[in-house]
Amino acid sequence: MKKVTGWLTRPFNNLRLREKLFVMFLLGAIIPLVFFVLYSYQTIKSELSDQMYTNSVASVAQINSNLENKLDTYTKLSANLYLNNSLRAYLTNNYTEEPSLFVDAYQYINNTFSNMLTTNPDIHSMSIYINNDSLPADGIYIKRMDDAFKRSTTYRSLLNSYGNVRFVATPPVVDQPSMFTLTRMLNISNLDNAYGILTINILESDIFRLMEKETSEKTILIVNDSGLIMSAKDKNMLNRPLNQFVKEKFPSAREGRFDSSFNGEKMLVVYNTTKFGWKSISLVPYSSFLTKANKTAKRILIFALISFGLMTLFIYATARQFTKRVDYLVGMIRRIEREEFDLFDIRPLGRDEIGQIGNVLRKMAQRLSNLISDVYKKEIDKREAEMNVLQAQINPHFLYNTLASISSLAIRNSDQRMNKMVTDLAKFYRISLNKGKNKLSIHEEIQLTRYYVAIQQVRFGELIRVHYQIEESVLPCPIVKLTLQPFVENAMNHAIWDDTLGINIMIKAYRDGHDIILKVIDDGMGMHMRGHSGEELPVSSDNLSGYGIRNVDNRIKLLYGESYGVSIYSRLGIGTTVTIRIPGR
């Protein structure tokens, strides 16, 4: 988890302080602003939805009430005919013996039906289907109850109706207005045997007038108990099942609401059911009332963007003003880093915390300047003095041994090798003195060691065999003067344990990362080491030898630091390895 958090925050940590402040302030401003816009939009949307639902419920309820009143009117008209004893007598009379009597029947029926059609213009036509063969059928008001009619939807809807009204959809007829049919079985005093079936064809436009004013922004449908659409603004929907347009199943409650889609658009469906089983359905597109919410949200968003722009400018100016003084402080600190302690030209930064930091930096710079003058320079002089003392202590030591060798050789015999030995000694001193400088290149240090070995080989002959493995890349690098010679001298004086076999000495120099490693390895007698690891500087009984080794280690640490210096590994009877680490710059 910490790794993930670190990976996510790493780009932010690398930003400048000004950019961090700007981002944080900006987020602090934009998050509440976005929340406010979203909350406002959702609130307006919810309120408009509730308002539209309330209006739709009231509208559907009113349409339902009007529809029930209208259907009650048609039911009462059918009841007048259902209870008309004269009509029943004319329809059930046997006209076989007196055929002329049917004229009276037709006159009564025509007058009755004509009056109804005149007083109810929304009724398209009325008919009675009879099975009285003695009464002629005129095809308009009186029709035969033949097999074709018995197979029709109108007839089948009356099964088990017992004289109650049924409303059925009328199949569309070309060049005729849309209609639906009220049908009723005429069976008074004889429920099992009807003497006729009344049909009243009602214009769909009369039903549509009940909801015509409500269809401007919504779709209103009248659906019968069979799920067929009886009235709608789009006449192509008439007499078609509702589930072709609204896929969701209606809940079992008589009224309610749910969401659906209609013609590819999301709709709010509100419905109510009449006592006849018909439903008044209102399909309200969400876009119709959310348009206002969207417009309001756009206005809020515009104001929010303007506010956001102003806040962005204000936040940027504030962050810039704040970090400008911080940058000024950073400049002061960098001047102190470059040891420029004269900060009197820095202008005051005010009296707040940043101004106080600036004042403290000025005082600190003055004190640092005084400390460097009094302490730092003294420390440098002290180290230089220590280096000179250490360097001066090495030269007499080596001169003593060399003169002893020359004296010994001179006593034995007068040999021409004396000349070479003195020449090598002169070259050795010419390099070692190095015009008083404490450092020389590794190449010069190797040459100095070669001259020293040449001088000692005059004394020891073939007993001393020195080999070199030097990487060329390290030759130009600087090194403390007389670093290798004391360890070669120590191997010659203390490591030879067999006067016939002598000793092999290997001198190596190579790079190890950013450092340089020099090694002096011999196969002499070795020595006991006090530590378990064996890697430490020995305390020699020979004061001059032990002093020279520690002298090299001290000089390297003084110049380069405690992470550099000399380490020795030795095993009795196997040999000794001296490792010298210096920086490779």
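Values reported hereafter were calculated over all heavy atoms of this structure, with side chains retained and with hydrogens, waters and symmetry mates removed. Given the structure is predicted, the values throughout are model-derived calculations rather than measurements.
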Look up atom [atom1] in [X] and atom [atom2] in [Y], then write down how far apart they are to the nearest 0.5 Å.
X	Y	atom1	atom2	answer
W497	D523	CH2	CG	9.0 Å
D553	S567	CG	OG	9.0 Å
E562	I556	CD	CD1	11.5 Å
S260	L283	OG	CG	7.5 Å
I496	L501	CD1	CG	10.5 Å
Y468	M506	OH	CE	11.0 Å

Between the main-chain N or O of [Y] and the side-chain N or O of [X], is there a donor-acceptor pair closer than 3.5 Å?
X	Y	value
K557	Y564	yes
N490	P486	no
S570	G575	yes
S441	C477	no
E445	K481	no
Q457	I464	yes

Does a side-chain heavy-atom distance below 4.5 Å link [X] with [Y]?
X	Y	value
L559	K439	yes
L268	Y53	yes
K266	P285	no
L475	I470	yes
L484	Y452	no
K519	I517	yes
V552	N554	no
T577	I568	no

Residue pair [X] / [Y]: nearest heavy atoms and the distance that separates them:
X	Y	answer
A491	I505	CB-CD1, 3.9 Å
S56	V284	OG-CG2, 3.4 Å
A495	D522	CB-OD1, 3.9 Å
F262	M267	CB-CG, 3.5 Å

Verdict with reasoning, V453 to M492, per side chain to side chain contact (heavy atoms under 4.5 Å, CB included): CA-CA 9 Å; V453 171; M492 292 179 181; 4.0 Å; yes

Count the heavy atoms of every other residue, nucleotide or ligand shown that sit under 6.0 Å from CD of Q244, and state whether that count exceeds 12.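 Above 12, so yes.
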
Just wondering, more than 12 heavy atoms not from H467 lying within 6.0 Å of its NE2? yes

Check: N551/R555 side-chain N/O donor and acceptor closer than 3.5 Å: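 Yes, because at least one side-chain N or O of N551 sits under 3.5 Å from a partner of the opposite role on R555.
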
Does either side chain, that of Q485 or that of T449, offer a donor lying less than 3.5 Å from an acceptor on the other one? no

How far apart are the C-alpha atoms of T579 and Y569, what are their side-chain angles, what is the distance that settles it, and do they pass the side chain to side chain contact (heavy atoms under 4.5 Å, CB included) test? CA-CA 8 Å; T579 302; Y569 180 83; over 6 Å; no

Might you work through the side chain to side chain contact (heavy atoms under 4.5 Å, CB included) test for V269 and E248, ending with a clear yes or no? CA-CA 10 Å; V269 182; E248 284 74 13; over 6 Å; no

Can you say whether the rings of F250 and F258 are parallel (under 30°), tilted (30 to 60°) or perpendicular (over 60°)? perpendicular

Dump the intermediate steps for side chain to side chain contact (heavy atoms under 4.5 Å, CB included) on T483 and I442, then the final yes or no. CA-CA 10 Å; T483 297; I442 292 179; over 6 Å; no

Can you tell whether the side chains of R511 and D515 come within less than 4.0 Å, N to carboxylate O? no

